[in-house]
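Encoded as structure tokens, the structure appears first; notes follow it.
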Amino acid sequence: YAAQSPAPARGAAAAHGEPAAPPPPSLPPSPSASESGACMPAPLSPQPPLSPPTALPAAALQPPLPPHSKGGHPCLKGELTGKGEKGERARITWLACDLCDKWRRVGLAKSSAVPDRWTCAENGDARYASCDVPQELPDDEIDRLLGLADTPDKPCPAAAAVARPADEVPGRGASLGEVLEGLVAASDASPEEARAVQWHLANLEYGCAASLGNVSLAWWDQDDEHTLTGDHAVVSDGFGRVVEGLAAYSEVLLQREVSLVEHGDWGARVHTKAGGEGLVADAVLVTVPLGVLKAKTVKFAPPLPRWKRSAIERLGFGPIEKVILSFERPFWDEGADFFGCLPPAAETAAEAAKARGEFFMFWNLQRSHGTAALMCVSSGAFAEGTWRHLSYKRVVDSSLAVLGRTFGPQVRQLFRKSVVTDWGRNPFCRGSYSYVGVDASGAEYDELARPVGGRLFFAGEATNGQHPATATGAYLSGLREAQRIDQAGRRGFPPAEP
């Protein structure tokens, strides 16, 4: 069995059918994605060309197709052009294993290259090269991605749920913090154990970029099933190198703060605070952080629809703040990637929640960068509130004081210089990354990713529900929207559903 995305109608400009399958959720990008073409919805892992042991007879490639089916998929789906026919294009292809009947994504293939017999063992993607591995997606989801479903493509049920009242979506309204704080209060932990628990809660707030009282109990970990595997790694020269590399292929205009985005069937125009007639384009891709959208410092004409505004409001966005401290020499364990310092004992639960995120974790830059420095991390209520009222000098002094509780007076004696972040007050960020708020369900990520009209598109970590709050998620969302815009352009930018 084989399933493919529909071929374009004869004479159509589109290179591939719509909608197209997105990249697999669990792989980092590889050069093969860009080398294949901007609109090519191929897996991001390198895929060898499909080379079947026996090609289908030419007659089998001509419509009408045989009526055999499996799980709703005909043997070969989509409009076929015939072996060797001029204009035949490779299309997204899924094959069903002859042994286990599971569907496997095999990338792009021409209809004439589809084998009549195939097994999982022949799969070029090692992750799915065994019959023991579960199918990547349900049958109906594969139908939807390939545009083979019986009904027009609609937002997924989770995304559609965003439009429902909050009390109708399971799990909304309850906070993770309320439950965890209750468990802590009911425990009989010793004072030292209680401090250790508070450290772990601060670490959880680090992952959420928010106080746990603001985080959804039911949906805070909705992306866990898509967690990337492998070791953590540090970009030794910083993410600036990544940005510089990507910018080398684009014209980047600096010192142009956007104030208004006009969009319609006619195209789009971006206005900046510098004035003038603005920049005219066929389409606009909005990649500002969610915190900027929440602040409404960028206006849209016509205004964003209610469903988009609602998603922006319900999804959370918070700060994680850091201080880099440079020392004359290391005084900590140079072999450790990071270490933590327990918060001081607190009289009340409110005091513990407020103080636990104050420089609780320290990353060892001696190990990753070869320099005697520590990156001190703050989270939770301290990063959200206390930080905003501190001067640069007081922030540095606070971080040195936390280290001093563990390492003594040598901390200040060896201290040389510092660098301080301020993501929460930066008007072009207003925070660090997104989280699922108490009144959200995680479906807001899908709503933020949906285009508005036919010319206004959105990307960024807050539009990627599989990998939110990560640079990986932001990068993959850019690939997703580049493909979406390319396909829309090939079809003349048809208006989207309201």
Side-chain angles (χ1 to χ4, degrees), residues 5 8 12-47 89-92 105 107-108 145-147 153 155 159 226 228 239 241-253 258 261 263 267-270 279-290 293 298 308 445-468 470-496:
S5 56
H16 304 293
E18 171 72 13
S26 302
L27 290 180
S30 72
S32 62
S34 58
E35 291 167 2
S36 327
C39 69
M40 188 171 294
L44 293 181
S45 57
Q47 296 290 327
R89 296 181 182 275
R91 304 202 298 279
I92 288 298
R105 189 202 308 252
L108 290 166
L145 292 175
L146 293 180
D153 189 45
H226 305 292
L228 298 171
F239 273 110
R241 294 293 298 273
V242 178
V243 175
E244 291 169 3
L246 295 173
Y249 299 93
S250 306
E251 181 184 4
V252 180
L253 304 179
V258 174
V261 178
H263 59 100
R269 185 188 301 269
V270 177
L279 305 173
V280 178
D282 293 325
V284 171
L285 176 59
V286 179
T287 63
V288 298
L290 176 59
L293 291 176
V298 177
K308 179 72 79 172
Y445 288 114
D446 299 315
E447 292 290 74
L448 281 174
R450 286 175 56 191
V452 172
R455 307 279 185 160
L456 187 60
F457 301 83
F458 293 81
E461 58 84 18
T463 72
N464 190 327
Q466 295 173 333
H467 304 293
T470 66
T472 300
Y475 182 81
L476 291 177
S477 76
L479 297 181
R480 178 197 69 212
E481 294 308 307
Q483 173 182 295
R484 199 198 304 259
I485 293 171
D486 180 82
Q487 291 176 338
R490 291 170 183 267
R491 294 182 287 115
F493 291 102

Practice problem: Would you name the heavy atoms of A462 and L290 that are closest together and state the gap between them? | Solution: CB-CB, 4.0 Å

Quiz item: Is the closest side-chain heavy-atom distance between T470 and E461 below 4.5 Å?
Solution: no

Quiz item: With side chains defined as the heavy atoms from C-beta onward, is the minimum distance between R480 and T463 less than 4.5 Å?
Solution: yes

Practice problem: Any chance you could measure L479, atom CG, to R484, atom CZ, to the nearest 0.5 Å? | Solution: 13.0 Å

Quiz item: Closest approach of K308 and V452, non-hydrogen atoms and distance?
Solution: CE-CG2, 3.7 Å

Quiz item: Is there side-chain contact between V288 and V258, with at least one heavy-atom pair below 4.5 Å?
Solution: no

Practice problem: Write down the atom of A449, the atom of E481, and the distance for their closest heavy-atom approach. | Solution: O-OE2, 4.0 Å

Exercise. Return yes if some donor-acceptor pair links the side-chain N/O of S477 with the main-chain N/O of G460 below 3.5 Å, else return no.
Key: yes

Under 3.5 Å donor-acceptor pairs involving side-chain atoms of residues 243-251, not counting sequence neighbours:
none

Quiz item: Are D446 and R450 close enough for a salt bridge, meaning some N to O gap below 4.0 Å?
Solution: no

Self-check item: Note, R269 side chain near L279 side chain (heavy atom, < 4.5 Å)
Solution: no

Practice problem: Could you tell me whether the side chain of R455 and the main chain of V284 form a donor-acceptor pair under 3.5 Å? | Solution: no

Practice problem: For residues G454 and F493, report the shortest heavy-atom separation together with the two atoms involved. | Solution: O-CD2, 3.4 Å

Quiz prompt | L285 side, atom CG; I485 side, atom CD1 - distance, nearest 0.5 Å | solution = 4.5 Å

Quiz item: Does a side-chain heavy-atom distance below 4.5 Å link L476 with H467?
Solution: yes

